[in-house]
Amino acid sequence: MIKVLLVDDQSLIRQGLKALLELEADLEIVGEAENGEIAIDLVAQLQPDVIMMDIRMPIMDGVAATREIQKRFPGIKILVLTTFDDDQYVTAALQNGAMGYLLKDTPSEELAVAIRAVHKGYTQLGPGIVKKLLTQFSTMGSIQTPPAPPSLAELTPREKEVLRLIATGASNREIAQELYISEGTVKNHVTNILNRLNLRDRTQAAIFANTYLSYLEQHS
């Protein structure tokens with residue numbers, strides 16, 4: 001059973017999420033919080049496996065709460081729920097340890113899948129907003145792009161192709177279809193890329209790839 005804590009300042013959203021997620025046999029909603037401060041207290045009491053964290057909340061927002069929870073309870077996974085207007089907040093949440101983010105209107109079955117994936121340690125990037133987020137990093141990087149690290153040149157041509165597609169927000173399935181290879185092969189390439197570039201997860205890989213996108217387009 002995966003224990004889930006819901007954190008959102010709107011009670012209707014919490015109630016809706018709880019009603020939908022409790023239909024899943026392997027998910028248990030162990031608590032609710034209306035702001036980050038209450039969430040931290042509940043985490044200490046309830047020890048949830050996964051926290052579904054809103055970003056914009058009074059008293060303590062989701063970014064500050066994520067940072068504090070990851071500092072005190074690094075084993076707990078945090079999945080951010082956001083809107084299209086929260087790009088900057090989401091970036092900060094990811095930098096402070098969140099495992100991914102989804103839109104608040106994501107279908108319940110997809111939320112359940114994302115919770116299970118995050119619980120296992122996988123990063124979840126919501127469709128649509130990932131491109132906006134990467135565009136933000138591209139704008140930042142265009143000011144002064146650092147030289148490509150030697151490890152990037154050591155990737156195989158196929159690994160560079162995979163990394164370039166990660167920069168677009170493509171899933172493993174989409175990458176497999178684009179390159180006419182199996183999803184298993186894509187997963188192996190992603191693992192090799194993370195190891196060679198010393199990156200923590202797919203989120204960091206997407207940010208890294210977007211920074212060096214022009215290099216990848218020329219060399220893949």
Side-chain angles (χ1 to χ4, degrees), residues 1-87 89-130 133 169 171-173 200-204 206:
M1 187 72 72
I2 301 174
K3 297 185 294 183
V4 181
L5 174 64
L6 302 177
V7 185
D8 196 294
D9 65 324
Q10 298 183 50
S11 61
L12 284 177
I13 290 181
R14 296 198 308 271
Q15 292 170 15
L17 287 172
K18 181 177 181 180
L20 291 170
L21 294 176
E22 283 186 336
L23 297 175
E24 304 292 331
D26 60 335
L27 302 182
E28 178 187 4
I29 308 303
V30 295
E32 301 176 34
E34 62 189 41
N35 61 60
E37 202 170 79
I38 295 174
I40 292 172
D41 291 337
L42 288 179
V43 167
Q45 297 173 32
L46 303 174
Q47 294 293 309
D49 300 305
V50 177
I51 299 173
M52 300 194 71
M53 181 76 74
D54 187 20
I55 287 293
R56 298 186 183 184
M57 297 180 290
I59 303 177
M60 178 182 283
D61 65 25
V63 174
T66 295
R67 179 171 57 248
E68 190 63 25
I69 290 170
Q70 285 299 293
K71 185 187 302 181
R72 297 190 195 181
F73 312 97
I76 294 177
K77 308 299 193 301
I78 298 177
L79 180 62
V80 172
L81 288 180
T82 183
T83 66
F84 274 107
D85 297 326
D86 286 334
D87 295 357
Y89 290 90
V90 171
T91 302
L94 292 172
Q95 291 172 336
N96 282 283
M99 292 293 293
Y101 57 93
L102 295 174
L103 294 177
K104 285 188 175 181
D105 60 358
T106 298
S108 60
E109 60 272 17
E110 292 183 24
L111 284 178
V113 170
I115 290 172
R116 296 183 188 108
V118 165
H119 181 243
K120 293 179 181 179
Y122 296 107
T123 299
Q124 291 295 297
L125 301 175
I129 44 178
V130 64
L133 184 62
S171 66
N172 283 353
R173 177 175 296 180
R200 184 186 65 196
D201 52 34
R202 195 184 188 92
T203 304
Q204 287 193 348

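The structure presented is a predicted model; accordingly, all values stated were derived computationally and were not measured.
Residue L111 is tested with L20, L103, L21 for a side chain to side chain contact (heavy atoms under 4.5 Å, CB included); the sole match is L21. Of the residues listed (K104, Q15, R14, R56), the one engaging D8 in a side-chain hydrogen bond (donor to acceptor under 3.5 Å, both in side chains) is K104, and it is the only one.
A pairwise comparison of heavy atoms in V7 and A39 identifies CG2-CB, 3.7 Å as the closest pair. Residues P58 and N35 approach most closely at O-CB, 3.2 Å, considering heavy atoms. Residues L5 and V30 come closest through the heavy atom pair N-CG2, 4.4 Å. K18 approaches L6 most closely through the heavy-atom pair N-CD1, 3.7 Å. Nearest heavy-atom pair across Y101 and T82 is CD1-CG2, 4.2 Å. Smallest separation of non-hydrogen atoms from T66 and G97: CG2-C, 4.3 Å.
Looking only at distances, no side-chain donor or acceptor of D61 sits under 3.5 Å from a matching main-chain atom of I55. Here the side chain of Q70 pairs no donor or acceptor atom with the backbone of A65 at under 3.5 angstrom. A donor-acceptor contact shorter than 3.5 Å is absent between the side chain of K77 and the backbone of M99.
Atom NZ of K3 and atom CD1 of I76 lie 8.5 Å apart (nearest 0.5 Å). Once rounded to the nearest 0.5 Å, the distance linking CD1 of I69 with CD1 of I51 reads 4.0 Å. To the nearest 0.5 angstrom, L81 atom CG is 4.0 Å from M52 atom CE. The OG1 atom of T106 sits 10.0 Å away from atom CG of L17, with the distance rounded to the nearest 0.5 Å. The CD atom of E32 sits 12.0 Å away from atom CD1 of I13, with the distance rounded to the nearest 0.5 Å. Here the CG atom belonging to D49 is positioned 9.5 Å from the CD atom belonging to E28, to the nearest 0.5 angstrom.
R116 meets the side-chain hydrogen bond (donor to acceptor under 3.5 Å, both in side chains) test with E24, D26; sequence neighbours excluded.
Using a 4.5 Å heavy-atom threshold, the side chains of V43 and R72 count as separate.
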